[in-house]
Amino acid sequence: MTVRVRFAPSPTGEPHIGNIRTVVFNWLFARKMGGQFILRIEDTDRVRYQPQSIPVIMEGLRWLGLDWDEGPSLEELRRLGVEDPERYAVGGPHGPYVQSERLALYKRVAEELIERGWAYRCNCTPERLEQVRARQRARKQMVMYDRHCRDLPPGAISPDEPHVIRLKVPLTGQTVVHDIIKGDIVFENAGIDDQVLLKSDGFPTYHLAVVVDDHYMKITHIARGDDWISSTPKRILIYRAMGWEVPTYCHVPLVLGEDGRKLSKRHGATSITEFRDQGYLPEALFNFLALLGWSPGGGEEREIFSRKELIERFDLFRVNRAPAIFSYDKLDWMNGVYIRKLSQADLLERLLPFWQRAGLVPDPCPEEMRERLRRIVPLVQERLKRLDEVVEWTAFLFREIEAPPAEKLVGKRMTPEESLAALRQARSLLAEVEPFEPEAMEPPMRALAAELGLKAGQLFGIVRWAVTGQKVAPPLFGSLAVLGRERVLARLDAAEAALLTR
RNA sequence: GCCCCCAUCGUCUAGUCUGGUCUAGGACACGGGCCUUUCAAGCCCGCGACAGGGGUUCGAAUCCCCUUGGGGGCACCA
């Protein structure tokens with residue numbers, strides 16, 4: 001039997017990185033087992049429905065390299081109003097892959113459940129239900145439906161009047177969830193609510209839709225967050241009632257924020273889009289996510305794995321039982337590792353949009369500008385943890401700077417007069433040196449420092465402040481060369497003036 | 001309130017199933033040093049954990065029980 005897993009997002013907003021981590025596990029498992037990974041859109045919540053989030057979800061998956069083998073077809077995406085539907089259309093033999101297109105199927109199953117004695121119609125008003133719950137809360141009882149309509153005679157509620165269909169959960173006995181990560185989990189049926197399966201608007205609830213779709217789409221393994229554990233028995237009951245085979249459950253622990261609480265906005269980036277816009281590389285994020293709650297074991301002490309290596313090593317059964325905290329620090333480190341591994345040409349392409357968005361480089365980028373960028377890349381490559389940092393590292397190379405305050409132009413353990421003299425000497429040296437390249441500049445500049453009785457760092461520090469306007473900057477001579485002699489001399493002159501008028 | 005899950009350095013984890021090789025290994029972060037034109041990168045060193053208590057056993061991080069702590073769920077949301 002071939003392994004089939006799915007990601008079934010609800011289009012109610014941007015996918016959360018914790019869910020994406022679970023998607024990574026699903027995808028890895030499918031690829032490892034030579035199975036299929038299916039994308040299904042669960043748009044049964046018409047209240048929270050946000051159609052724009054559908055392409056955002058798909059774009060995020062694409063960006064992270066999580067390709068799906070079956071998913072919404074061209075026609076389905078068109079009907080959803082997705083822009084550029086050709087880009088995401090996949091289709092497949094078990095469609096439609098959008099739940100709002102499968103309503104007749106859910107209704108049929110719900111009616112069959114009634115016929116089989118496993119469900120019943122209920123026309124309790126939301127007001128009454130709220131009263132029941134309030135009373136239960138006040139008495140500190142378990143909050144659940146009081147089964148008011150459960151034993152009404154058949155036909156008491158007409159199929160034509162507004163009503164919902166509820167699951168008729170056995171009053172006694174136990175339901176066991178066999179979970180490959182947690183083991184067997186036993187639930188008393190008496191504690192399971194008579195869940196609504198079909199809403200009065202004709203849409204199914206998640207519990208019905210997910211079972212029906214997983215069954216007809218032949219899903220074999222369900223790996224999802226363990227916040228779903230307590231509702232799993234309801235679904236097992238539906239499988240049994242319909243005589244369907246129950247898939248294998250793998251409840252993976254949640255991803256928490258750095259304060260140990262459920263990861264949310266206040267912890268930092270939580271959606272794929274944000275991670276992309278902050279300059280995380282998809283391959284780094286993928287590597288990091290794969291290792292969040294799972295590790296290859298076997299004495300393996302590496303942390304950096306290619307996509308191929310992760311597929312080879314991945315094992316759903318080895319996923320950790322305890323929840324993991326998302327560490328932005330470690331992700332930053334790993335992203336830096338991946339940035340350093342990039343070829344200069346590749347890094348340039350990835351940096352370009354960040355420069356352009358900051359308005360430092362025009363879009364499209366002219367060829368002579370590209371030539372300059374090629375010389376900048378090696379200056380910053382080993383300093384970046386995130387691509388967006390390139391803007392602050394290199395802005396001084398693109399824009400005019402303000403002359404730094406005089407006190408910054410005084411070298412360590414030097415007087416203003418000594419600094420001024422050093423600046424002038426450096427200026428005349430840099431005015432003459434030929435060619436205006438690091439290899440030609442550095443030796444005479446070092447000689448100059450020695451001549452003035454200065455450490456190289458003292459002299460270079462003054463020039464750095466004068467030319468970059470910053471204490472910290474990319475390597476000095478590489479920066480000077482990129483800037484060009486003319487602008488360097490102008491900035492040195494401005495610095496000299498600042499020092500004189502202090 | 002009820003139900004469920006979980007528990008190794010601050011964090012991610014190896015080791016747990018198949019007790020001894022664990023005076024518990026690696027990585028991030030942190031502290032120190034080397035290198036060095038700043039910052040990085042790199043290299044070296046250091047700090048740092050089996051939640052607590054009972055068992056079982058010759059022997060427990062590993063098996064069992066209790067306590068504590070953390071997390072999740074209890075909708076005509078997913």
Side-chain angles (χ1 to χ4, degrees), chain A residues 8-12 19 42-45 47-48 122 124 126 129-130 133 136-145 162-166 177 179 181-183 185-188 191-193 195-201 203-207 209-210 225-233 251 253-254 256 258 260-262 288 291-304 320-334 336-337 340 380-385 393 442 445-446 449 455-465 468 470-477:
Chain A
S10 171
T12 52
N19 294 124
E42 307 215 327
D43 58 342
T44 55
D45 184 344
V47 179
R48 296 194 306 158
C122 163
C124 291
L129 294 175
E130 190 40 54
R133 279 194 287 264
Q136 289 166 332
R137 271 191 288 266
R139 293 182 189 167
K140 298 195 185 277
Q141 293 172 331
M142 201 181 297
V143 176
M144 54 196 283
Y145 179 56
H163 67 283
V164 301
I165 294 178
R166 286 183 182 272
V177 178
D179 190 282
I181 294 173
K182 313 271 187 187
I185 308 165
V186 181
F187 291 85
E188 294 296 331
I192 302 173
D193 204 359
Q195 184 68 47
V196 171
L197 300 178
L198 203 67
K199 301 184 243 183
S200 53
D201 64 359
F203 278 75
T205 59
Y206 173 78
H207 305 285
V210 78
D226 68 10
D227 48 341
W228 290 106
I229 286 184
S230 49
S231 62
T232 305
H251 285 99
L254 261 21
L256 273 26
E258 276 165 330
R261 311 215 54 102
K262 210 171 175 178
F288 177 78
L291 259 31
L292 196 60
W294 171 79
S295 74
E300 176 64 79
E301 289 185 340
R302 275 195 300 157
E303 305 265 342
I304 306 296
N320 223 252
R321 273 186 292 272
I325 288 174
F326 193 100
S327 167
Y328 291 90
D329 271 341
K330 187 155 185 176
L331 173 59
D332 281 352
W333 162 76
M334 193 174 277
V337 172
R340 274 171 252 133
V380 294
Q381 182 159 26
E382 67 184 23
R383 277 157 253 269
L384 297 176
K385 283 196 163 76
W393 271 107
E442 187 167 343
M445 282 290 282
R446 284 187 184 281
K455 292 254 188 199
Q458 290 175 293
L459 178 62
F460 296 179
I462 297 170
V463 175
R464 180 177 300 107
W465 261 111
T468 71
Q470 300 165 352
K471 180 175 188 292
V472 173
L476 183 60
F477 298 108

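Chain identifiers are assigned alphabetically (A, B, ...) following the order of the sequence lines, protein sequences preceding nucleic acid strands; residue numbering begins at 1 within each chain.
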Around Lys455(A), counting heavy atoms of other residues, nucleotides and ligands shown, do more than 12 lie under 6.0 Å from its NZ? no
Separation between the [atom1] atoms of [N] and [M], rounded to whole Å:
N: G32(B); M: C39(B); atom1: P; value: 13 Å
N: C44(B); M: C64(B); atom1: P; value: 41 Å
N: C47(B); M: A7(B); atom1: C1'; value: 24 Å
N: U23(B); M: U16(B); atom1: P; value: 15 Å
N: G48(B); M: C6(B); atom1: P; value: 31 Å
N: A24(B); M: A60(B); atom1: C1'; value: 13 Å
N: C12(B); M: C17(B); atom1: P; value: 23 Å
N: U68(B); M: C28(B); atom1: C1'; value: 29 Å

Let's see if you can work this out: which of [options] has an atom nearest to the side-chain heavy atoms of [X]?
X: Asp329(A); options: C74(B), C76(B), C28(B); answer: C28(B)
X: Asp193(A); options: C4(B), A75(B), A7(B); answer: A75(B)
X: Pro126(A); options: A75(B), C6(B), C76(B); answer: C76(B)
X: Phe187(A); options: A41(B), G26(B), C4(B); answer: C4(B)
X: Arg48(A); options: A78(B), U11(B), A27(B); answer: A78(B)
X: Lys330(A); options: C12(B), A41(B), C76(B); answer: C12(B)

Using a cutoff of under 3.5 Å, can you pull out all pairs of nitrogen or oxygen atoms linking the protein to nucleotides 70-72 of chain B, with atom names and distances?
{"unit_1": "G71(B)", "atom_1": "OP1", "unit_2": "Arg261(A)", "atom_2": "NH1", "d": "2.9"}

Does the side chain of [Y] come within less than 4.5 Å of [X]'s, by heavy atoms?
X: Arg383(A); Y: Pro475(A); result: yes
X: Phe326(A); Y: Phe288(A); result: yes
X: Tyr206(A); Y: Ser10(A); result: no
X: Asp227(A); Y: Leu254(A); result: yes

Write out a two-atom table: protein N or O, nucleotide N or O from nucleotides 33-39 of chain B, distance below 3.5 Å.
{"unit_1": "U37(B)", "atom_1": "OP1", "unit_2": "Arg446(A)", "atom_2": "NH1", "d": "2.9"}
{"unit_1": "U37(B)", "atom_1": "OP1", "unit_2": "Arg446(A)", "atom_2": "NH2", "d": "2.3"}
{"unit_1": "U37(B)", "atom_1": "O2'", "unit_2": "Arg464(A)", "atom_2": "NH2", "d": "3.3"}
{"unit_1": "U37(B)", "atom_1": "O2", "unit_2": "Arg464(A)", "atom_2": "NH2", "d": "2.1"}
{"unit_1": "U38(B)", "atom_1": "O4'", "unit_2": "Arg464(A)", "atom_2": "NH1", "d": "3.1"}
{"unit_1": "U38(B)", "atom_1": "O2'", "unit_2": "Lys471(A)", "atom_2": "O", "d": "3.4"}
{"unit_1": "U38(B)", "atom_1": "O2", "unit_2": "Ala473(A)", "atom_2": "N", "d": "2.8"}
{"unit_1": "U38(B)", "atom_1": "O2", "unit_2": "Ala473(A)", "atom_2": "O", "d": "2.9"}
{"unit_1": "U38(B)", "atom_1": "N3", "unit_2": "Ala473(A)", "atom_2": "O", "d": "2.7"}
{"unit_1": "U38(B)", "atom_1": "O4", "unit_2": "Pro475(A)", "atom_2": "N", "d": "3.4"}
{"unit_1": "C39(B)", "atom_1": "O2", "unit_2": "Arg383(A)", "atom_2": "NH1", "d": "2.8"}
{"unit_1": "C39(B)", "atom_1": "N3", "unit_2": "Arg383(A)", "atom_2": "NH1", "d": "2.3"}

For the student: nearest non-hydrogen atoms of Ala324(A) and Gly293(A), plus distance: CB-N, 4.4 Å
Taking all non-hydrogen atoms of both residues into account, name the closest pair between Arg48(A) and Asp45(A) and its distance. NE-OD2, 3.0 Å
Identify, with sequence neighbours excluded, every residue that meets side chain to side chain contact (heavy atoms under 4.5 Å, CB included) alongside Lys385(A). Asp332(A), Glu389(A)
Who are the side chain to side chain contact (heavy atoms under 4.5 Å, CB included) partners of Glu300(A), not counting sequence neighbours? Pro296(A), Arg302(A), Phe305(A), Arg313(A)
Using a cut-off of 4.0 Å on non-hydrogen atoms, how would the nucleic acid contact of [X] be classed: base, sugar-phosphate, or nothing?
X: Glu42(A); result: sugar-phosphate
X: Val164(A); result: base
X: Arg302(A); result: nothing
X: Thr468(A); result: nothing

Complementary nucleotide of [N], counting Watson-Crick and G-U pairs under 3.5 Å:
N: C43(B); answer: G33(B)
N: G1(B); answer: C74(B)
N: A7(B); answer: U68(B)
N: C22(B); answer: none

Return the 5'-most residue of the pair Ile185(A), Asp201(A) with respect to RNA chain B, ranking by each residue's nearest nucleotide. Ile185(A)
Between Gly293(A) and His163(A), the residue closer to the 5' end of RNA chain B by nearest nucleotide is Gly293(A)
Calculate the interatomic distance between [X] atom [atom1] and [N] atom [atom2]; express it in whole Å.
X: Tyr145(A); N: C2(B); atom1: OH; atom2: P; answer: 25 Å
X: Gln195(A); N: A75(B); atom1: CD; atom2: P; answer: 8 Å
X: Asp332(A); N: C30(B); atom1: CG; atom2: P; answer: 11 Å
X: Ile229(A); N: G73(B); atom1: CD1; atom2: P; answer: 11 Å
X: Tyr328(A); N: A29(B); atom1: OH; atom2: C1'; answer: 16 Å
X: Asp45(A); N: A75(B); atom1: CG; atom2: C1'; answer: 11 Å
X: Trp294(A); N: A14(B); atom1: CH2; atom2: P; answer: 10 Å
X: Glu300(A); N: A14(B); atom1: CD; atom2: C1'; answer: 11 Å

Can any side-chain N or O of Asp193(A) pair as donor or acceptor with the backbone N or O of Gln195(A) at less than 3.5 Å? no
Under a 3.5 Å distance rule, please check whether Thr44(A) uses its side chain to pair with a backbone N or O of Phe203(A) as donor and acceptor. no
Mark yes or no for a side-chain to base donor-acceptor pair under 3.5 Å between Ser200(A) and C76(B), with no hydrogen or angle criteria applied. yes
Has the side chain of Gln136(A) got a donor or acceptor atom sitting under 3.5 Å from an opposite partner on the base of G1(B)? no
Got a list of protein N/O to nucleotides 15-19 of chain B N/O distances below 3.5 Å?
{"unit_1": "G15(B)", "atom_1": "OP1", "unit_2": "Arg318(A)", "atom_2": "NH1", "d": "3.1"}

Taking side chain to side chain donor-acceptor pair (under 3.5 Å) as the criterion, tell me which of His251(A), Arg321(A), Lys182(A) meets it with Asp226(A). Lys182(A)
Kindly give the atom pairs (protein nitrogen or oxygen, nucleotide nitrogen or oxygen) under 3.5 Å for nucleotides 42-53 of chain B.
{"unit_1": "G42(B)", "atom_1": "OP1", "unit_2": "Arg340(A)", "atom_2": "NH1", "d": "3.4"}

Below 4.0 angstrom from OP1 or OP2 of C77(B), is there any side-chain N or O of Lys199(A)? yes
How many angstroms lie between atom CD of Gln470(A) and atom CH2 of Trp465(A), to the nearest 0.5 angstrom? 8.0 Å
